[in-house]
Amino acid sequence: MPDNLLSETLHQLMHLYTNLLREGIRRQELELSVTHIRTLKCVCHDLQSTAQSIAKRIERDKAQITRALNDLLAADLIFKTDNPLDGRSQLLQPTAKGKGVMVKLDAAEDWARKQLTQNLTTAELTLFFRVSRNMIDNVKNSQTSGKNI
């Protein structure tokens with residue numbers, strides 16, 4: 001198998017999935033950037049989230065996450081509460097409006113996922129997940145062990 005076949009296939013898959021997500025988001029009439037979407041998802045899926053935990057989870061600069069959080073606060077999609085475990089940080093939670101947006105985001109992702117997997121068997125999806133997870137773990141393990149290019 002040529003070396004560039006994997007690179008090209010992964011690039012095409014990533015590009016296609018991104019375009020499908022954008023189309024799904026457009027169909028749901030949402031106007032949020034990818035950073036805003038990922039940040040809102042963190043808040044909705046982890047009720048113990050803080051700006052720092054979100055920055056770490058999605059591997060972005062805390063200042064960038066803070067800007068996205070401020071936008072989500074201004075749009076009334078999230079709210080802050082005192083963190084009883086750490087007086088220096090605040091817990092972030094979705095508002096009712098934020099939960100409604102999350103329902104639309106879930107629908108957009110579900111639509112994109114169905115477009116990609118419509119002709120795949122359960123066994124094929126299971127294999128895809130296993131191989132993909134192994135590839136992700138390979139990179140994360142090499143990063144933590146200090147192996148470079």
Side-chain angles (χ1 to χ4, degrees), residues 1-80 90-149:
M1 171 167 66
D3 289 342
N4 65 346
L5 184 58
L6 176 62
S7 296
E8 186 58 29
T9 300
L10 288 173
H11 177 77
Q12 287 178 8
L13 180 60
M14 184 179 65
H15 185 71
L16 182 62
Y17 183 65
T18 301
N19 286 341
L20 283 170
L21 275 179
R22 283 189 185 129
E23 175 63 18
I25 289 165
R26 187 193 63 74
R27 288 175 179 221
Q28 292 294 327
E29 299 178 349
L30 297 171
E31 294 190 23
L32 295 171
S33 73
V34 171
T35 301
H36 289 96
I37 289 168
R38 293 185 73 204
T39 302
L40 181 61
K41 285 176 72 171
C42 287
V43 171
C44 289
H45 295 298
D46 178 8
L47 297 181
Q48 298 299 309
S49 61
T50 63
Q52 184 65 38
S53 70
I54 293 170
K56 184 176 180 180
R57 181 174 178 176
I58 65 175
E59 300 176 351
R60 292 287 184 250
D61 180 75
K62 187 172 177 248
Q64 184 180 13
I65 297 306
T66 299
R67 286 188 296 276
L69 289 170
N70 287 337
D71 292 343
L72 295 174
L73 283 162
D76 192 34
L77 298 177
I78 63 170
F79 66 95
K80 294 179 180 182
Q90 295 178 311
L91 297 177
L92 302 158
Q93 297 183 358
T95 62
K97 184 178 176 183
K99 290 176 184 177
V101 168
M102 196 65 235
V103 168
K104 290 182 175 188
L105 289 171
D106 287 341
E109 285 185 345
D110 188 50
W111 177 81
R113 183 174 39 256
K114 285 178 181 175
Q115 298 302 305
L116 284 173
T117 62
Q118 61 187 329
N119 295 318
L120 299 177
T121 66
T122 301
E124 289 170 326
L125 284 171
T126 300
L127 178 61
F128 174 78
F129 294 138
R130 191 177 84 229
V131 170
S132 298
R133 189 76 250 163
N134 285 341
M135 293 171 85
I136 292 165
D137 290 345
N138 285 341
V139 172
K140 287 188 176 194
N141 291 338
S142 69
Q143 288 174 340
T144 58
S145 68
K147 294 179 184 176
N148 295 324
I149 297 176

Enquirer: Restricting to salt bridge (Lys or Arg N to Asp or Glu O under 4.0 Å), what partner residues turn up for D61, sequence neighbours left out?
Expert: none
Enquirer: Got Q93 and I78 here, is their nearest side-chain heavy-atom distance under 4.5 Å?
Expert: no
Enquirer: Looking at A68 and T35, what are the two nearest heavy atoms and their distance?
Expert: CB-CG2, 4.0 Å
Enquirer: Are any non-hydrogen side-chain atoms of R133 and D137 less than 4.5 angstrom apart?
Expert: yes
Enquirer: Provide the full list of salt bridge (Lys or Arg N to Asp or Glu O under 4.0 Å) pairs with a residue in residues 28-57, sequence neighbours left out, each pair given once.
Expert: K41-E109
Enquirer: CD of Q90 to NZ of K80: how many Å apart, nearest 0.5 Å?
Expert: 4.5 Å
Enquirer: Can you sort out the partners of T121 under side-chain contact (heavy atoms from CB on, under 4.5 Å), two or more places apart, ordered by chain and number?
Expert: A123, E124
Enquirer: Report the distance from atom CD of E8 to atom NE2 of H11, rounding to the nearest 0.5 Å.
Expert: 6.0 Å
Enquirer: Would you say that M14 contacts L10 through its side chain, given a criterion of any heavy-atom pair below 4.5 Å between the two side chains?
Expert: no
Enquirer: Out of L32, T66, L69, which one pairs with T39 under the side chain to side chain contact (heavy atoms under 4.5 Å, CB included) rule?
Expert: L69
Enquirer: Can you name the residues that form a side chain to side chain donor-acceptor pair (under 3.5 Å) with E59, not counting sequence neighbours?
Expert: none
Enquirer: Could you go step by step and tell me if H36 and L72 meet the side-chain contact (heavy atoms from CB on, under 4.5 Å) rule?
Expert: CA-CA 7 Å; H36 289 96; L72 295 174; 4.2 Å; yes
Enquirer: For the atom pair CG (L30) and CE (M102), what is the distance rounded to the nearest 0.5 Å?
Expert: 10.0 Å
Enquirer: Report yes if some heavy atom in the side chain of L47 is under 4.5 Å from a heavy atom in the side chain of P94; otherwise report no.
Expert: yes
Enquirer: Kindly determine whether S49 and L91 satisfy side-chain contact (heavy atoms from CB on, under 4.5 Å), including the steps that lead there.
Expert: CA-CA 6 Å; S49 61; L91 297 177; over 6 Å; no
Enquirer: Working to the nearest 0.5 angstrom, can you tell me the gap between N141 CG and I136 CD1?
Expert: 11.5 Å
Enquirer: Sort out for me which residue in V43, L73, L40 forms a side chain to side chain contact (heavy atoms under 4.5 Å, CB included) with L92.
Expert: V43
Enquirer: Among all residues two or more places apart in sequence or in another chain, which pass the side-chain contact (heavy atoms from CB on, under 4.5 Å) test with N134?
Expert: R130
Enquirer: Do V34 and L21 touch side chain to side chain, with heavy atoms closer than 4.5 Å?
Expert: no
Enquirer: Quick one: SG on C44 to CG on L105, what's the gap to the nearest 0.5 Å?
Expert: 8.0 Å
Enquirer: With sequence neighbours left out, what residues match E23 under salt bridge (Lys or Arg N to Asp or Glu O under 4.0 Å)?
Expert: R26, R27
Enquirer: Hey, does L125 have a side-chain heavy atom less than 4.5 Å from the side chain of T117?
Expert: yes
Enquirer: For residues 110-122, pull every pair meeting salt bridge (Lys or Arg N to Asp or Glu O under 4.0 Å), keeping only residues two or more places apart or in separate chains.
Expert: D110-R113, D110-K114
Enquirer: By side chain to side chain donor-acceptor pair (under 3.5 Å), which residues pair with T50, not counting sequence neighbours?
Expert: S53
Enquirer: Using modelled atom types and a 3.5 Å cut-off, is there a donor and acceptor pairing between side-chain atoms of T95 and backbone atoms of L77?
Expert: yes
Enquirer: Looking only at heavy atoms, what is the nearest atom pair of A112 and Y17, with distance?
Expert: CB-CE1, 4.1 Å
Enquirer: Sequence neighbours excluded, which residues qualify as salt bridge (Lys or Arg N to Asp or Glu O under 4.0 Å) partners of R67?
Expert: none
Enquirer: For S132, check side-chain contact (heavy atoms from CB on, under 4.5 Å) against everything at least two apart and list the hits.
Expert: F128
Enquirer: Run the side-chain contact (heavy atoms from CB on, under 4.5 Å) test against L16 and tell me which residues pass, sequence neighbours left out.
Expert: L20, L116
Enquirer: Sequence neighbours excluded, which residues qualify as salt bridge (Lys or Arg N to Asp or Glu O under 4.0 Å) partners of K62?
Expert: none
